[in-house]
Amino acid sequence: MKSRNSLLKALAAVMAASMILTVAGCGGGGNSSTAESSTSSKTESSAAESTDGGDASSEVTGSSGPDDTTEHYEFDAYYSYQGSVKPWGEDAASKYMNEKFNITLNYSCPEADADSKLNLMISSDDLPDVIILDRNANWLKLINLGKLVDINTLKYEGCSFDEDILESTQKLLSVNGGLYGIPNWARKGATGGNMSWMVNHDVYEQLGSPELKTLEDLHQFMLDAKDKGVKTSDDQSIFPWLPRQDDNGFHTVSAIYRSYGHPNLIDTYWSQADNDVKLAVYDDNYIAALKLANQWYKEGLFPETTYTDSNDQFVEKLANGRAAVTYYDFSQDDTNHFRTLLQEKDGNTYDLLGWELKDSPIYPAADGVDYVYGEEGGTVGWNVNCITTKAENPQRIFDLYSWMLTKDGSINMMYGPEGGLWEGKDDEGNPILKKPEEELTSDEKNAAGCWFWSQPAHSDNVDLTKYAVNEQQPEESRSWVISIQDHVFTPEDSIHPAIPGQKFLTDENTGLSLEIDPNDDLGMARQAITDECKMRIPQIIMASDDATFDKLVQDLKDFAESNQVHDIEKIYTDKRASNIELQGYTAYQDYYDAKK
C-alpha cells in the first residue's frame, strides 16, 4: 500500500507535467498577430470517439501575443440558459473591463427552451461570436461542424491562461486534440463546499442539545422532534427532516449513501463502487440507502412534497423554521437568504454540523463506518465559453476572458475595481475593503457589479481571495457562508483531506456522459433509463411496504437491462479508467484514507 507521500509525489508529477461574463487579457496591449478566426477543423469522428483527450497542442500554431487594443472591439455572447442579463459597462466592474480592454460585450439569453434555440442557431448557421454552454451533445456538434475556434491557436508563451488552467485540465477538455472552450470555475485545488447537515437551533435546545455524532444520532433526533410535536414560534408544524427538494430523489438517498462511506454517486443515477461504474440500483450499497430512506419516509420524517415542491416553496419552509433537520446547500444563504430570513423572523437559526455544532462531524457516519467522503472537486469546472468562427477577432475575446480567470480579474468580479469598495492591497495581493462585505447594501453591490460577471471565473483565485478578505474583517463581521467554506469544507491538503467530509480533488469522473452520442441508439437508450430512474426512484423511496419496494427496484432493473445498461456501464468504466491513467491516481484508493 502506498503512503501519503507517494500520493502527493504522484500528484506533483502530474501537475508539473501538466502545467457570469467579463474581459480578459494575457498581459496588456502591444503589437501582435491575430489568429485567424476560422481555426477549427471539421472532424469525421463520432461524438463517442471525440473525447479521448489527446495532445492539446499537437499540430497547432499559437499566437505571438495579446492583440493591440487601440481600436474598439465589440462582440456578442449568447448565454445558452434561461436567465437574465444586464447591460455591459454600466456597473463598475464591467466599465473597468470595457476601459481596460477597449471592448464591449452584448449578452443575450433565451426566454425559454434554450436547447431548441441553440439548435436553430446551429442549423441556420446564425451563430454569435461566443456561446456559453454545457459540455454536452450540442458542444460536440459545434466542434464536429467546425464552428468553434481552437483556444490553442490563441495562446502564446507566458500567457496567464496556462498558469491558471492546468495542462492536465486542458487535456481532459480537449476533443480530437483541440481545446474548444475556456472553462468556467476551473480549479487547481479543492476549495469550498455546499451540501451540509443543519439542525434547527430552537428545536435542538428544546430536545436537550443531544449528541449528534452518527447517522443514528440524527435519526433519533428526527424521531424525537416528531414524537414531541415541536412547532415553530408561530405555531406551525415542523418537519423532522427536510432533504433538499428535487424531482428525482437524489438528495434524499445521497445524504444517506454518503454516510455509509461509499464513493460519491456520478451523474445522479450511477455508482462507482469497486472501481466499476454501474447503474446505482445494481449497487447493493445504494439499495441499502434507498431502503433506509424508505424507512424514514414510512416513519413520517419527511414529506412527499420533497419531490413536488418548487425551490421557492422549499425555501419558504426553511425560512419559517419548519425543518428540525435539513440536508441542504448552506451557501444558498447568500442567494435566497433562507437562514438570514429565519433569523430576522424570530431570532431562530440553523446550526451547521462541524461549525456551530463543532463536536459533530461534517457528515455523521453510520455505525461501523470509519471514513465519509466529502464532495469531489474536478479541475475542469462547470461549463465552457466557446469562441465561434463567426468572431472577427477571437484574440481580443481570448485576451479578455483569460484575464478574467486571473487573481486580478477575480478581484474585479467580486468587488469591482479599486477606488470603489476597496482601496489598496495587503502583502498577499488581496484587496482591502473599505467596510466588511457583510455590511454592503444590495445597491452598493449592484453598482460595483459584484458577482455578476463571473463567466468565466476561476475557483481557486475567487475562493482563496475571498477567504483572505473575509479573514481581514472583525470576527463579528465575517461572512457566515465564506467562513464555513474556508474553515469547514476546504482542506489544507486538497488531495488528502485531514478531516473526513472535506472536499477533495479528482478528475476521474470527468466527461463520462460525453462518451455516448445522445442521438445514437445507445444514447437514446441511456436517456430512457435516465427518465425511468427519475420517475421510479421517488416511488421506491415512498413505497408503502417491502413487497412494493422490491418490485419497483426489480422493475427498474428489468427496464435498464432492456435498454443496454451494461453496454453503457462498460463505456463509463473504461472512460473512468482512462481519466485515472491521465490523472495518475484515483481519489478512492485505499491509501486515500486520512487515518493511514
Side-chain angles (χ1 to χ4, degrees), residues 20-21 24 34-51 54 56 59-61 63 67 71-83 85 88 103-155 173-184 383-401 455-456 511 513-514 516-520 523-524 527:
I20 279 187
L21 306 163
T34 300
E36 295 181 9
S37 61
S38 184
T39 52
S40 301
S41 60
K42 184 180 289 188
T43 66
E44 297 179 357
S45 62
S46 69
E49 299 169 330
S50 64
T51 57
E59 300 181 6
V60 173
T61 301
S63 167
D67 246 9
E71 293 187 10
H72 187 75
Y73 183 61
E74 185 170 349
F75 70 92
D76 297 328
Y78 177 69
Y79 188 70
S80 189
Y81 307 90
Q82 288 178 244
V85 296
W88 174 265
I103 202 166
T104 295
L105 281 67
N106 300 310
Y107 286 105
S108 64
C109 65
E111 294 182 356
D113 205 349
D115 281 346
S116 294
K117 183 169 182 179
L118 180 57
N119 275 300
L120 180 61
M121 287 179 170
I122 296 171
S123 62
S124 62
D125 197 26
D126 183 22
L127 299 174
D129 303 297
V130 168
I131 301 175
I132 301 156
L133 76 166
D134 289 336
R135 293 177 284 116
N136 57 17
N138 283 327
W139 181 56
L140 294 177
K141 182 189 298 184
L142 286 162
I143 292 170
N144 288 332
L145 288 172
K147 300 299 183 181
L148 302 183
V149 174
D150 184 353
I151 300 303
N152 291 305
T153 65
L154 307 175
K155 298 192 304 176
L173 289 171
S174 293
V175 177
N176 296 332
L179 182 61
Y180 298 102
I182 296 171
N184 189 38
N383 54 9
V384 279
N385 298 260
C386 303
I387 304 173
T388 76
T389 54
K390 294 289 187 178
E392 293 183 5
N393 194 331
Q395 187 71 51
R396 291 287 295 274
I397 300 172
F398 174 79
D399 292 347
L400 168 64
Y401 279 173
Q455 190 71 252
S513 63
L514 292 177
I516 300 173
D517 189 330
N519 298 311
D520 287 348
M524 289 186 281
Q527 186 58 53

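By convention here, the first residue in the shown sequence is residue 1. These numbers were taken from a predicted model, which means no experiment stands behind them.
Smallest separation of non-hydrogen atoms from Cys386 and Gly181: SG-CA, 4.1 Å. Listed here is the closest heavy atom pair of Met524 and Asn519: CE-O, 3.6 Å. When every heavy atom of Ser63 is checked against every heavy atom of Leu154, the shortest pair comes out as CB-O, 3.4 Å. Shortest non-hydrogen contact noted between Gly177 and Asn152 is O-ND2, 4.0 Å.
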Show, in sequence, the C-alpha distance, side-chain angles and deciding distance for Asp150 and Leu179, and conclude whether the side-chain contact (heavy atoms from CB on, under 4.5 Å) test is met.
CA-CA 5 Å; Asp150 184 353; Leu179 182 61; 3.9 Å; yes
Chi angles and distances behind the side-chain contact (heavy atoms from CB on, under 4.5 Å) call for Leu133, Leu142:
CA-CA 11 Å; Leu133 76 166; Leu142 286 162; 4.3 Å; yes
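Using a distance-only test at 3.5 Å, with no hydrogens or angles considered, no donor-acceptor pair links the side chain of Trp139 to the main chain of Asn383.
By the 4.5 Å heavy-atom criterion applied to side chains, Glu392 and Phe75 are not counted as neighbours. Annotation: side chain of Trp88 is in contact with side chain of Tyr107 (closest heavy-atom distance under 4.5 Å). Residues Met121 and Tyr78 meet the side-chain proximity criterion, which asks for heavy atoms closer than 4.5 Å.
Residues that satisfy the side-chain contact (heavy atoms from CB on, under 4.5 Å) test with Ala114, not counting sequence neighbours, are Ser80, Pro110. Residues satisfying the side chain to side chain donor-acceptor pair (under 3.5 Å) test with Thr104, not counting sequence neighbours, are His72, Asn98. When the side chain to side chain donor-acceptor pair (under 3.5 Å) test is applied to Asp115, no partner is found at least two apart in sequence or on another chain. Every residue meeting the side chain to side chain donor-acceptor pair (under 3.5 Å) condition with Gln527, not counting sequence neighbours, appears here in chain and number order: Asp531. In this structure, the side chain to side chain donor-acceptor pair (under 3.5 Å) partners of Asn119, at least two apart in sequence or on a different chain, are Lys141.
Of the inter-residue distances, the one linking Asn385 atom CG with Ile397 atom CD1 reads 10.5 Å to the nearest 0.5 angstrom. To the nearest 0.5 Å, the span separating CD1 on Ile387 from CG on Asn393 amounts to 9.5 Å. Residue Tyr180 holds its OH atom at 15.0 Å from CD1 of Ile131, rounded to the nearest 0.5 Å. Rounding to the nearest 0.5 Å gives a distance of 10.0 Å between CD1 of Ile516 and CG of Leu514. Separating the CG atom in Leu118 from the CG atom in Leu127 is a distance of 8.0 Å, to the nearest 0.5 Å.
Side-chain contact check for Asp67 and Tyr73: no donor-acceptor pair (N or O, by modelled atom type) lies under 3.5 Å.
The stretch residues 123-139 participates, sequence neighbours left out, in these salt bridge (Lys or Arg N to Asp or Glu O under 4.0 Å) pairs: Asp125-Lys147, Asp125-Lys390.
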